[in-house]
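Worksheet: one structure, shown below.
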Amino acid sequence: MLPRHIQRLGRDWITPWNGSQLLALNSPVSSCMRWARHCPWASFPLPVPADFSANWSLPPFFGPWRQFQNSNWQLNNFTQSSCFHLPNPSMKSEGEEPLTKKRRLGGQHDTPAPEEETNSSQQKEALRLSVAQNEEKRSSKKGTVKRHWEYFCQHSRTMKVKNFENKEAVQNNTESEAKFEFTVMSYNILSQNLLEDNYHLYKHCRQQLLIWTYRFPNILQEIKQLDADVLCLQEVQEDHYRTEIKSSLESLGYHCEYKMRTGRKPDGCAICFKTSKFSLISSNPVEFFRHDIPLLDRDNVGLVLLLQPRSPCTSNAAVCVANTHLLYNPRRGDIKLTQLAMLLAEIASVAHQKDGAFCPIIICGDFNSVPGSPLYKFIKEGKLNYEGLAIGKVSGQEQFPRGQRILSIPIWPKKLGISQNCVYEVKQQQKEENEGENSEAAKLGNTQEIVIASEKLSSKLQHHFKLSSVYSHYFPETGTPEVTTCHSRSAVTVDYIFYSAASSDSAAQPGAEDSFHGGLKLLGRLALLTEKDLWTVNGLPNEQNSSDHLPLLAEFRLVVR
């Protein structure tokens, strides 16, 4: 008679065993049993005495064993209510060979060999090693991929990137007194709320890597190690910013400005700068939602700061830093372009100097547009003729866009108050009025207003910032695309750092010196990675990188004219 423990176990044993399968237990047994096929009306498979040559063991997930009373069964940590699902004998469990193959390797005879009984401990050790090796395979994608620092200037001071190459460039003290150099990071840190709303994008991740209490220390550690002077962060969740992020960054010497998305969206954009490097002149939030304009029914935002460098050589200089996260929807290029125009109009207002020129500008963010797309070209080239352009092709996110509706002319209504030149129309008119002191000048101003009105009916957008991109978006040796974000659905570039290059900068565009006080010289950047590189560590997020975006990082020198 089998003990009650075993009878209860039998009722929960749901996978049938065929007549050739044998369970040999950890302790020597005087007789073995094979199980007849499971009978649903029986409380337990009927035992049938038999002798076999193969020494079988239970699957590894049965765990360690303990001695059952009045039997040779040994089972550890087993509760009577447990239900075990045994694999089909022909199935290959993870980390093991199929049981049928093991049986063939065990020999053709049914009588157990003496050496097999004496090698029970060796078998257990082999099983333990098999499980350990399997776990090692599962965790083999742990670790980090190295990102190196790319230099564009021999005397670049370079940030303290101890975790990448453990090298720090030597700064020339004489030069530092005459030049102002600083670093800028753009980083979409992945809002926890958005992560939980889009779990399908993170099927490749272990669940424990996706919880905020695991992710935030990693993100904060990245920020500490990269040690940027200016941080432009996207998807900053409001409650996390209020309770953890702001205080953590302030303890590192940053001053933080934050703008939460409108409506019910719990995240937003933050710009944080080191008070040892800059002081704040003005902080200007931009809300893209307009209740009176049906087109602008999305809750994205931007933030524009005017910063004063703390340096004797730049006492009269200023730097405009903008941060945004444009709408994701690939089929709404009309909204993306309008949001971008609103951000550019605010930048033009903030960066405009008394003599009519602009101070140096840096624009960071997640633009939800890929390199070479019409929206990207508009930012870099300063112009876009969108006549006949399909809405779904504006951002280039989809190879075969579904939204084929053509952009209307003009894209946004007049009451938005922004011209096709991406400036506030009211300020444009005020500027014209101030320039006219007599009736003839007033007539000229009226003529210019008519020109502006006619531009609204054209299909040409313009801005006057002459921006360059910190990154080239392709590796020159292979032509392989760089990626800034990687999850279960895609791996592309959507994050950027744009800047107004000085005339001496290799990336400067023609005419840049005509509209800027000096500019910015790119000294170096933290190299990006390929999609293949990221999948060697199981994509993003992973054990070390806790966002689905990579941080972008650049070092600039402020050139004062």
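Keep in mind that what you see is a predicted model, and the values were worked out from it rather than measured.
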- Task: Say whether, by atom type as modelled, one donor and one acceptor occur between the side chain of Asp533 and the main chain of Thr530 under 3.5 angstrom.
- Result: yes
- Message: I'd like to know if the side chain of Asn545 and the backbone of Pro541 have a donor-acceptor N/O pair within less than 3.5 Å.
- Response: no
- Supply the atom-to-atom distance Glu238 CD to Met260 CE, rounded to the nearest 0.5 angstrom. 5.0 Å
- Item | Among Gln237, Glu244, Gln192, side chain to side chain donor-acceptor pair (under 3.5 Å) partner for Trp212 | Glu244
- May I have the step-by-step check of side-chain contact (heavy atoms from CB on, under 4.5 Å) for Ile361 and Tyr499, ending in yes or no? CA-CA 6 Å; Ile361 295 168; Tyr499 69 103; over 6 Å; no
- Answer yes or no for Lys274 and Phe182: cation-pi contact, defined as NZ/CZ to six-membered ring centre under 6.0 Å and angle to ring axis within 45°. no
- Side chains of His487 and Asp548: donor-acceptor distance under 3.5 Å anywhere? no
- Message: For Asn300 and Gln339, which I'm curious about, is there any donor-acceptor pair between the side chains at under 3.5 Å?
- Response: yes
- Task: With rounding to the nearest 0.5 Å, note down the distance linking SG in Cys269 to CG in Asn323.
- Result: 4.5 Å
- Message: Could you check whether Arg405 pairs with Asp334 (Lys NZ or Arg NE/NH1/NH2 to Asp/Glu carboxylate O, under 4.0 Å)?
- Response: yes
- Heavy atoms of Pro413 and Ile293 approach each other most closely as CG-CG2, 3.7 Å
- Task: Show your reasoning for whether side-chain hydrogen bond (donor to acceptor under 3.5 Å, both in side chains) applies to Ser282 and Asn284.
- Result: CA-CA 7 Å; Ser282 66; Asn284 309 273; 3.2 Å; yes
- With rounding to the nearest 0.5 Å, note down the distance linking CD1 in Ile411 to CG in Leu337. 4.5 Å
- Task: Let me know which of Phe378, Phe498, Tyr328 forms a ring-ring contact (aromatic ring centres under 6.0 Å, His included) with Phe367.
- Result: Phe498
- Message: Whether the side chain of Thr324 engages the backbone of Cys364 through a donor-acceptor N/O pair (distance < 3.5 Å, no angle test) should be reported.
- Response: no
- Least distance between heavy atoms, Cys320 atom then Ala351 atom: CB-CB, 3.9 Å
- Smallest separation among heavy atoms of Glu257 and Ser283, with atom names: OE1-OG, 3.0 Å
- Message: Is there a side-chain hydrogen bond (donor to acceptor under 3.5 Å, both in side chains) between Ser186 and Gln234? Walk through the geometry before answering.
- Response: CA-CA 8 Å; Ser186 182; Gln234 305 90 41; 3.3 Å; yes
- Query: So, the side chain of Gln308 versus the backbone of Thr314: is there a donor-acceptor pair under 3.5 Å, distance only?
  - Reply: yes
- Message: As a quick check of understanding, evaluate salt bridge (charged side-chain N to carboxylate O under 4.0 Å, His left out) for Glu287 and Lys259, giving each step before the final call.
- Response: CA-CA 9 Å; Glu287 295 182 355; Lys259 175 58 184 173; 2.6 Å; yes
- Glu555 side chain to Thr183 side chain, donor-acceptor N/O pair below 3.5 angstrom: no
- Query: What's the spacing between Leu461 CG and Leu375 CG if we round to 0.5 Å?
  - Reply: 10.0 Å
- When you measure from the side chain of Gln462 to the backbone N and O of Gly382, does any donor-acceptor pair fall under 3.5 Å? no
- With Arg332, the side-chain contact (heavy atoms from CB on, under 4.5 Å) member among Asn368, Leu327, Val394: Leu327
- Item | Donor-acceptor under 3.5 Å (Ser419 side chain, Glu425 main chain) | no
- Under 3.5 Å: donor-acceptor pair, side chain of Glu482, backbone of Phe475: no
- Task: Would you sort out whether Gln397 and Lys336 count as a side-chain hydrogen bond (donor to acceptor under 3.5 Å, both in side chains), showing the intermediate values?
- Result: CA-CA 12 Å; Gln397 291 165 288; Lys336 292 173 188 276; 3.1 Å; yes
- Query: Can you check side-chain contact (heavy atoms from CB on, under 4.5 Å) on Ser373 and Lys377, steps first, answer last?
  - Reply: CA-CA 6 Å; Ser373 65; Lys377 289 181 178 179; over 6 Å; no
- Query: Between Leu233 and Val236, which heavy-atom pair has the shortest distance, and what is it?
  - Reply: CB-CG2, 3.6 Å
- Please work out which of the three classes, parallel, tilted or perpendicular, describes the rings of His204 and Trp535, given edges at 30° and 60°. perpendicular
- Query: Does any N or O in the side chain of Asn218 come within less than 3.5 Å of the main-chain N or O of Glu543, such that one atom is a donor and the other an acceptor?
  - Reply: yes
- Step-by-step side-chain contact (heavy atoms from CB on, under 4.5 Å) determination, Phe288 to Ile335: CA-CA 9 Å; Phe288 298 144; Ile335 299 179; over 6 Å; no
- Task: For the pair Lys393 and Glu398, find out whether any cationic side-chain nitrogen is under 4.0 Å from an anionic carboxylate oxygen.
- Result: no
- Task: Starting at CG of Leu534, measure out to OG1 of Thr484 and round the result to the nearest 0.5 Å.
- Result: 10.0 Å
- Item | Distance (rounded to the nearest 0.5 Å) between Ile497 CD1 and Leu552 CG | 5.0 Å
- Item | Trace of the side-chain contact (heavy atoms from CB on, under 4.5 Å) decision for Tyr254 with Val230 | CA-CA 8 Å; Tyr254 292 97; Val230 180; over 6 Å; no
- Task: Check the pair Phe358, His464 against ring-ring contact (aromatic ring centres under 6.0 Å, His included), reporting the backbone distance first and the verdict last.
- Result: CA-CA 9 Å; Phe358 297 110; His464 302 290; 7.8 Å; no
